[in-house]
Amino acid sequence: MRKPAVKKVGTYTIDLTKIDGDGAFPCPKCGAMISPDDETEEVYTILKTKVKNDELAELTLTCNKCRSKIKLKGFLSPSEDTKYK
Ligand SMILES: [Zn+2]
């Protein structure tokens, strides 16, 4: 039995509330510096954005170096989260 040679691509989740500074972080796999302010799409490509109450809630991007998928969350401040009401 031969399995198709599909490389499994990992998905990582980054919580922006745990990142200091301007929100830039190294790719969890290859260490490429990913900055949300970088709009050149040289280091990463944005796949999907999720907007909640006109605010960016979640962002899915792919690292152009290692092809990892990275999900960013934590754009909203906890006080705006009405989940625990
Ligand atoms: Zn990477």
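Atoms within a ligand are numbered from 1 in the order they appear, just like the ligands themselves.
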Discussion item. Does any part of the side chain of C66, heavy atoms only, come nearer than 4.5 Å to the side chain of C27, both counted from C-beta?
Written reply: yes
Worksheet, complete the sentence: Within the 2.8 Å cut-off the protein N, O or S neighbours of the Zn ion (ligand 1) are C27 SG, C30 SG, C63 SG, C66 SG
Worksheet item: Just wondering, more than 12 heavy atoms not from E39 lying within 6.0 Å of its CD?
Response: no
Item to complete: Write down the atom of P26, the atom of G31, and the distance for their closest heavy-atom approach.
Response: CB-O, 3.9 Å
Discussion item. Counting neighbours of CG on D20 that are heavy atoms of other residues, nucleotides or ligands and sit closer than 6.0 Å, is the number greater than 12?
Written reply: no
Discussion item. A side-chain contact here means heavy atoms from C-beta on lying under 4.5 Å apart; do E55 and F75 qualify?
Written reply: no
Item to complete: May I ask you to decide if K69's main-chain N or O and Y44's side chain share a donor-acceptor pair within less than 3.5 Å?
Response: no
